[in-house]
Amino acid sequence: MADDQIAARRQKRDLLREQGQNPYPDRWERTHALDAARVLPEGTQGVRVAGRVMLRRQVSKKLVFLTLQDRAGAMQVSLRAGTLPDEALATLLRTLDVGDFLGIDGAVWVTRTGEPTLDAKDARILSKALRPLPEKWAGLQDTESCYRQRYLDLLTNDATRERFRFRTRFVRALRDRLDAHGFEEVETPVLQTKASGALARPFTSHHNALDIDVTLRIAPETWLKRLLVGGYERVYEFARCFRNEGMDPSHLQDFTMLEYYVAYWSYEENMRFTRELLQAVVAETRGSLRFPCVGHDGVTREVDLGGEWPVVRMTDLIRDRAGLDVTALRDPAELRAWCRAHGVHDEGLDRMAWPSLVDLVYKRTVRPELLGPLFVIGHPIELSPLARRNDAEPGVTDRFQLLVNGWEVVNAYSELVDPDDQRARFEEQAAHRAGGDDEALETEEDYLLCMEHGMPPASGWGMGIDRMVTLLTGQTNLRDAVLFPLMRPL
RNA sequence: GGGGGCAUAGCUCAGUCGGUAGAGCAGCUGGCUUUUAACCAGCGGGUCGGGGGUUCGAGACCCUCUGCCCCCA
C-alpha cells in the first residue's frame with residue numbers, strides 16, 4: 001500500500017530529527033544552478049547546489065550516485081565514503097529518498113564514464129518528501145492525474161515543462177513587442193455590473209458590500225475603449241475572461257485573452273500589424289514559422305505563418321467551400337432548409353435570423369477545414385454590434401478574424417465610435433435578447449455616455465492566448481496550455 | 001443532452017475462453033567504492049473506481065453510479 005511508503009518516509013524524517021537535523025530547514029545557500037555547475041572545470045571546490053533527487057543509484061554502502069534536478073537542469077551527485085564524513089553518509093543512506101530536496105556542497109569531478117559529477121563534502125536534506133514520485137522512466141501518464149496534479153506532470157514530463165515555459169516566453173515576447181511599439185499595459189475590472197464586449201453568457205455573482213449582482217467579464221473591450229476616450233492611444237491588457245458556456249477542446253470557461261486598441265488605425269492597418277507581430281513573436285519564441293497541427297479530422301498538417309496571409313470574405317468562403325451562395329439566399333427559411341438538407345443542425349435553428357444562419361453554416365461546414373493562416377473578413381453587421389459599419393457595404397463590418405487550423409485565434413475590427421449608431425446596435429441586441437437570445441449584448445448606458453464625449457477612430461484586437469499556445473505546442477486541447485484546468489471535485 | 005472509450009499495487013502497464021491477482025519501477029532486507037532507468041539475491045504490498053445482478057465461480061459478462069478523454073448536439 002501507499003501507506004507503507006509514506007510510513008517508511010515518516011520514519012526516515014523522524015530519524016533525521018533524532019540525529020539533530022531539521023527535515024525542513026529554512027534555507028540553503030547556492031553558488032550555482034545545476035546546469036552551470038555541470039560545466040565547471042574538474043576540481044572546482046566549494047560548489048553549492050540544491051535540487052530534487054530524481055534518481056538514486058546505490059553502488060554500495062560507500063558510494064551512491066544521485067541525479068539532482070532543479071529548474072534549469074540536472075546533474076549527477078556522488079555521496080562517497082572518504083569525502084563525506086562517515087556519520088553523515090550513514091544518516092543519508094538511511095534517510096534519503098527519491099523525491100527529497102537535497103543541498104550539496106562539494107567538488108566537481110568527472111567519472112570513468114565522463115559524467116560531470118559533484119562529489120559531496122556536505123549534503124543536507126532540505127525537504128523530506130512523504131510520498132513517492134511517479135515512475136521514473138514513464139513519468140505521470142494518466143490524463144486526469146496530469147490535470148489534477150500538474151506539479152507531478154511538470155516534475156516528471158519534460159514536454160510538459162517545456163510547454164509551459166513556452167507559454168511564458170510567448171506572453172513575454174508579445175508584451176515586449178507591444179511595449180516596443182509604444183503600447184501601454186493596463187488592468188481593467190473583472191467584476192462588472194453588465195457583461196459586455198462579446199456575445200457570450202457570463203458567470204454571475206453577488207457583491208455583498210454594495211448588495212448588487214455582478215458578472216465576471218467576458219471581454220475587456222469596452223473598458224479599453226473607454227481609455228481611448230480618456231486619451232490613451234495604444235493600450236493593451238492580458239485579460240482573464242470568463243464565459244459560462246460549453247466546454248470542449250477549444251473552449252474553456254476561464255481563459256486568457258490579449259486585447260489591444262490603437263487610435264487612428266483601421267482594421268486594415270491592424271491586419272498588417274497582426275501578421276508582423278505574430279510572425280516576429282513566433283519566430284522569436286519558437287524558432288520557426290512552420291509547425292505541425294492536428295486537425296479536427298485527426299490528420300497532422302503543417303501550418304506556415306510565413307509570407308503574406310490570404311484575406312477572404314466569409315460569404316466567398318461559404319460559396320467556394322460549401323457550394324452555397326448565401327448572398328442569393330436572403331430568405332431565412334430557405335437557408336434553414338439548406339441547413340437541414342446538409343446536416344447542419346442546431347437547437348436554435350428555427351429562431352435564427354439570416355446572419356446567425358450564415359454564421360452557423362460558416363462555423364459548421366467551412367471553418368474547421370481552414371488550415372490558415374487566413375484572414376476572414378466581411379462579417380454580417382448583426383454579429384458585430386461593437387464594430388464599425390463598412391462605408392461601401394452597410395450590411396457588413398470592418399472586421400477580420402485570423403484562422404489557424406480551424407480555430408479562430410484573433411478577432412479584430414475597426415471600432416464603432418459613432419454613439420448614435422452604437423445605441424441603435426444595442427437596441428437591436430436588446431430585441432434579440434427579448435426574443436430569447438441570452439448571449440445578446442446588454443445596453444451599456446455608461447459606455448454610450450463615454451462615447452458621446454468623443455472616441456477617436458481606432459482598431460482593436462483580441463487573441464486567445466491559450467489557443468495560440470495550444471497550436472504552437474502541437475496540442476489539441478486547451479487544457480494542455482493551462483497549468484491548472486478546472487476539474488470536477490472528486 | 002446523445003454516442004463511444006478508459007478506470008487493475010504509490011507510478012507505468014499486462015491479465016487469453018468466466019476458474020486461486022501479474023510484471024517493471026518504487027518500498028523493505030542483504031551484497032557491491034565509477035553508476036547512468038545501475039546491478040544481483042530475497043521479502044512485503046490489491047475493496048481490480050463505487051454499488052447491484054447473472055453464475056458453482058466475475059478483474060473479465062449485464063445494469064447502475066462516479067470521474068476522466070473523445071465525437072456529436
Side-chain angles (χ1 to χ4, degrees), chain A residues 1-13 15 38 42 53-69 74-84 86 89-90 92-100 108-120 129-153 155-158 245-252 294-298 339-340 343-350 352 360 363-365 368 406 475-480 485-490:
Chain A
M1 295 202 298
D3 290 352
D4 295 344
Q5 305 205 31
I6 294 171
R9 285 165 179 255
R10 283 187 194 279
Q11 276 181 20
K12 292 173 182 176
R13 177 204 58 191
L15 184 60
R38 210 169 175 280
E42 185 167 13
V53 177
M54 298 305 287
L55 295 169
R56 173 176 168 152
R57 295 176 290 280
Q58 180 158 347
V59 178
S60 73
K61 280 204 170 71
K62 294 173 179 171
L63 176 64
V64 182
F65 290 105
L66 305 171
T67 301
L68 223 55
Q69 178 177 299
M75 185 181 185
Q76 176 165 277
V77 165
S78 55
L79 309 178
R80 285 199 290 184
T83 316
L84 204 54
D86 287 348
L89 179 59
L92 280 168
L93 289 178
R94 282 192 294 160
T95 57
L96 183 68
D97 283 303
V98 170
D100 294 346
V108 177
W109 66 300
V110 177
T111 64
R112 188 180 292 167
T113 53
E115 184 73 21
T117 303
L118 189 61
D119 193 37
L130 296 184
R131 289 177 185 271
L133 293 181
E135 204 265 337
K136 62 187 176 188
W137 190 242
L140 192 63
Q141 292 297 315
D142 179 62
T143 316
E144 184 177 352
S145 300
C146 286
Y147 292 154
R148 289 189 191 273
Q149 295 181 281
R150 181 70 85 189
Y151 47 93
L152 295 178
D153 185 21
L155 210 47
T156 60
N157 295 315
D158 294 345
E245 299 176 333
M247 179 163 44
D248 65 50
S250 62
H251 292 85
L252 291 182
V294 182
H296 71 291
D297 52 5
C339 287
R340 291 202 179 84
V344 177
H345 300 294
D346 191 272
E347 288 170 12
L349 192 66
D350 290 328
M352 280 184 187
L360 181 70
K363 283 181 176 170
R364 291 289 170 72
T365 68
Q475 301 300 302
T476 57
N477 190 321
L478 290 184
R479 294 182 151 212
D480 295 313
L486 182 67
M487 302 293 280
R488 195 182 284 276
L490 290 176

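Below, chain A is the first sequence line, B the second, and so on; all start at residue 1.
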Visitor: For B:G1, which nucleotide in any strand shown is its Watson-Crick or wobble partner with both distances under 3.5 Å?
Guide: B:C72
Visitor: Check A:R56 against A:V64 and note the closest heavy-atom contact, atom names and distance.
Guide: CG-CG1, 4.1 Å
Visitor: At their closest point, which heavy atom of A:R57 faces which heavy atom of A:Q76, and how far apart are they?
Guide: NH2-OE1, 2.7 Å
Visitor: Given that both distances must come in under 3.5 Å, which nucleotide forms a Watson-Crick or G-U wobble pair with B:G42?
Guide: B:C28
Visitor: So, for A:H251 and A:G246, which heavy atoms are closest and what is the spacing to 0.1 Å?
Guide: CB-O, 3.7 Å
Visitor: Starting at atom OH of A:Y151, determine the distance to atom C1' of B:C11, rounded to an integer number of angstrom.
Guide: 13 Å
Visitor: Distance between the P atoms of B:G52 and B:G3, in whole angstroms?
Guide: 25 Å
Visitor: Taking atom P in both B:A21 and B:U16, compute the distance separating them and give it to the nearest angstrom.
Guide: 13 Å
Visitor: Is A:G246 touching bases, backbone alone, or none of the nucleic acid, heavy atoms closer than 4.0 Å?
Guide: nothing
Visitor: Look at the side-chain N and O atoms of A:K12 and state whether any lies under 4.0 Å from the OP1 or OP2 oxygen of B:C28.
Guide: yes
Visitor: Say we look at B:A58 and B:G44: how far apart would their P atoms be, to the nearest angstrom?
Guide: 26 Å
Visitor: Give the rounded distance in Å between these two atoms: CG of A:D142 and P of B:G5.
Guide: 19 Å
Visitor: From C-beta outward on A:Q5, which listed nucleotide comes closest to its side chain: B:C71, B:C11, B:G27?
Guide: B:G27
Visitor: Take atom CZ of A:R94 and atom P of B:G30, then tell me their distance rounded to the nearest Å.
Guide: 11 Å
Visitor: Please report the distance separating the C1' of B:C6 from the corresponding atom of B:U12, rounded so that it comes out in whole Å.
Guide: 16 Å
Visitor: Quickly work out the A:L93 CG to B:C28 P distance and round it to whole Å.
Guide: 12 Å
Visitor: Below the 4.0 Å mark, does B:C69 have OP1 or OP2 next to a side-chain nitrogen or oxygen of A:N477?
Guide: no
Visitor: Suppose you measure atom C1' in B:G53 against the same atom in B:G10; what distance do you get, rounded to whole Å?
Guide: 33 Å
Visitor: Between A:L66 and A:L96, is there a side-chain heavy-atom distance shorter than 4.5 Å?
Guide: yes
Visitor: What's A:R488 touching, base or sugar-phosphate or nothing? Going by heavy atoms closer than 4.0 Å.
Guide: sugar-phosphate
Visitor: Which whole number of Å gives the distance between the C1' atom of B:A14 and that of B:C25?
Guide: 15 Å
Visitor: Quick one, give me the B/S/- string for nucleotides 35-43 of chain B, reading 5' to 3', where B means a protein heavy atom under 4.0 Å from the base and S means that only happens at the primed atoms, P, OP1 or OP2.
Guide: BBBB-----
Visitor: Closer than 4.0 Å, any side-chain N/O of A:K61 to the OP1 or OP2 of B:U33?
Guide: no
Visitor: Could you tell me which non-hydrogen atom of A:T365 sits nearest to which non-hydrogen atom of A:P368, and how far apart they are?
Guide: C-CD, 4.3 Å
Visitor: Between A:Q149 (CD) and B:C68 (P), how many Å, whole number?
Guide: 14 Å
Visitor: Base, sugar-phosphate, or nothing for A:D248, non-hydrogen atoms under 4.0 angstrom?
Guide: nothing
Visitor: Using whole Å, what does the distance between atom C1' of nucleotide B:C28 and atom CG of A:D3 come to?
Guide: 15 Å
Visitor: Between B:G49 and B:C13, how far is it from one P atom to the other, in whole Å?
Guide: 15 Å
Visitor: Among all residues two or more places apart in sequence or in another chain, which pass the side-chain hydrogen bond (donor to acceptor under 3.5 Å, both in side chains) test with A:W137?
Guide: none
Visitor: Rounded to whole Å, please give me the gap between CG in A:D4 and C1' in B:A9.
Guide: 10 Å
Visitor: Which pair of heavy atoms, one from A:A74 and one from A:T67, lies closest together, and at what distance?
Guide: CB-CG2, 4.3 Å
Visitor: Give me the atom names and distance for the closest heavy-atom approach of A:A138 to A:N157.
Guide: O-OD1, 3.7 Å
Visitor: Might you work through the side chain to side chain donor-acceptor pair (under 3.5 Å) test for A:T117 and A:D119, ending with a clear yes or no?
Guide: CA-CA 6 Å; A:T117 303; A:D119 193 37; over 6 Å; no
Visitor: Using both distances under 3.5 Å as the test, list the Watson-Crick or G-U wobble partner of B:U47, or none.
Guide: none
Visitor: If you measure from the C1' atom in B:U55 to the same atom in B:C65, how many Å do you get, rounded?
Guide: 23 Å
Visitor: Look at all strands and tell whether A:L140 reaches a base, only sugar-phosphate, or nothing, counting heavy atoms closer than 4.0 Å.
Guide: sugar-phosphate
Visitor: Counting side-chain heavy atoms from C-beta on, which of B:U33, B:G10, B:C28 comes nearest to A:P132?
Guide: B:G10
Visitor: Could you check which nucleotide pairs with B:C17 in any of the strands shown, counting Watson-Crick or G-U wobble with both distances under 3.5 Å?
Guide: none
Visitor: Could you please name the option among B:C68, B:C70, B:A73 that lies closest to any side-chain atom of A:R479?
Guide: B:C68
Visitor: Whole angstroms only, please: what is the CG-C1' distance between A:D153 and B:C11?
Guide: 13 Å
